[in-house]
Amino acid sequence: MTAGQWTAVDDYFNTHLLGADPALDAAAEASAEAGLPAIAVAPSQGKLLYLLARTSRARSILEIGTLGGYSTIWLGRALPSDGKLITLEVDEHHAEVARENIDRAGLAARVDIRVGKALDTLPSVREDSPFDLVFIDADKPNIAEYFRWAVELSRPGTVIVVDNVVRGGEVADAGSEDPAVRGVRHLIELLSTEPRVEATALQTVGAKGYDGLAIALVTG
Ligand SMILES: C[S@@+](CC[C@H](N)C(=O)[O-])C[C@H]1O[C@@H](n2cnc3c(N)ncnc32)[C@H](O)[C@@H]1O
Ligand SMILES: [Mg+2]
């Protein structure tokens, strides 16, 4: 299997299962033009988030790591018109680009972007909890701490999704000194010992390369 094949299969699935999407295409283009890094979820992963939110009938969503709002738009679309999504972003420029993208997608009324380090802004979202779905996609060294917060802000039935847990396969290396790998390994340890969740993790390939995500259900 080559990266070319992964991309071809992604293109094939996306053409048939996702179709044209002017608002998301515009968000991706505006983000690239504004100089944001190309680290948003892939379209098929965005749709997975959307489907998970629909499946769990989410009315309130918390996202950690907004970038240009690409995943925010997917998640925001899954909400009913009176639903709410809070997204946390440290970079004011990213947040500004996201605001425009989310506005263009017609979701401004449902989405609240809070700027600051997530560990500083998370206490402020306690009053909006419990959330029905939490998507963690920010800096990886703090990923376990974000997961702890996600569980605190959940109820039984909440779905927690954590992106980018494979780190090019290095996650299996117990000796890695990469802070992102160590952060993810800390998360996996927490997932295996936290009695209030059941979890799994999946490796993924596609146009955006090799990576993976963890999914947890809060059970107690
Ligand atoms: C991978 S990107 C998010 C991609 C986005 N979820 C998507 O798929 O469209 C990670 C984002 O987290 C932000 N970030 C990094 N450290 C952060 C922190 N301590 N608190 C909040 N956001 C942070 C970065 O600025 C960046 O915009
Ligand atoms: Mg990600």
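Atoms within each ligand, like the ligands themselves, are counted from 1 in listed order. All residue numbers refer to positions in the sequence shown, counting from 1.
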What N, O or S atom of Asp137 is found closest to the Mg ion (ligand 2)? OD1
With no hydrogens and no angle check, just 3.5 Å: does a side-chain donor-acceptor pair link Asn142 and Asp139? yes
Quick one: look up the protein heavy atom nearest atom 25 (O) of ligand 1 and list residue, atom name and how far away it is. Glu89 OE2, 2.6 Å
Which atoms from ligand 1 have a heavy atom of Val41 less than 4.0 Å away? 7 (C), 8 (O)
Can Ser31 and Asn101 be counted as having a side-chain donor-acceptor contact under 3.5 angstrom? yes
Is there side-chain contact between Arg110 and Asp82, with heavy atoms separated by less than 4.5 Å? no
Are the side chain of Thr2 and the backbone N or O of Gln5 linked by a donor-acceptor pair below 3.5 Å? yes
Can you report which non-hydrogen protein atom sits closest to atom 10 (C) of ligand 1, along with the distance? Asp137 O, 3.1 Å
Check whether the side chains of Arg114 and Ser124 place a donor and an acceptor atom closer than 3.5 Å, and report yes or no. yes
Does the residue Gly116 have a heavy-atom contact with ligand 1, meaning some pair of atoms that are separated by less than 4.0 Å? yes
If the cut-off is 2.8 Å, does any N/O/S atom of Asn164 fall short of it from the Mg ion (ligand 2)? yes
Quick one: does Tyr146 get within less than 4.0 Å of ligand 1, heavy atoms only? yes
Could you list which atoms of ligand 1 come closer than 4.0 Å to a heavy atom of Val90? 14 (N), 15 (C), 16 (N), 17 (C), 18 (C), 20 (N), 21 (C), 22 (N), 23 (C), 25 (O)
Student check: side-chain heavy atoms of Trp149 and Ile64 closer than 4.5 Å: no
Show which atoms of ligand 1 fall inside a sub-4.0 Å distance from at least one heavy-atom site of Ala40. 7 (C), 8 (O), 9 (O)
Going by heavy atoms in the side chains, are Ser71 and Glu63 under 4.5 Å from each other? yes
Have a look at Asp163 and say which of its N, O or S atoms is nearest the Mg ion (ligand 2). OD2
Output yes when the distance from some N or O of ligand 1 to some N or O of Asn164 is under 3.5 Å, and no in every other case. no
Looking only at protein heavy atoms, identify the closest one to atom 7 (C) of ligand 1 and say how far it is in Å. Ser71 OG, 3.0 Å
Asn164 vs Asp137 side-chain heavy atoms within contact, under 4.5 Å: yes
Heavy-atom side-chain proximity of Lys140 to Arg167 below 4.5 angstrom: yes
Would you mind running through ligand 1 and noting each atom that sits below 4.0 Å from a heavy atom of Lys117? 20 (N)
Are Val218 and Arg155 side-chain neighbours, meaning at least one heavy-atom pair lies under 4.5 Å? no
In ligand 1, the atoms that come under 4.0 Å of a heavy atom of His94 are 25 (O), 26 (C), 27 (O)
Just jot down the ligand 1 atoms closer than 4.0 angstrom to any heavy atom of Gly65, in number order. 3 (C), 5 (C), 6 (N), 11 (C), 12 (O)
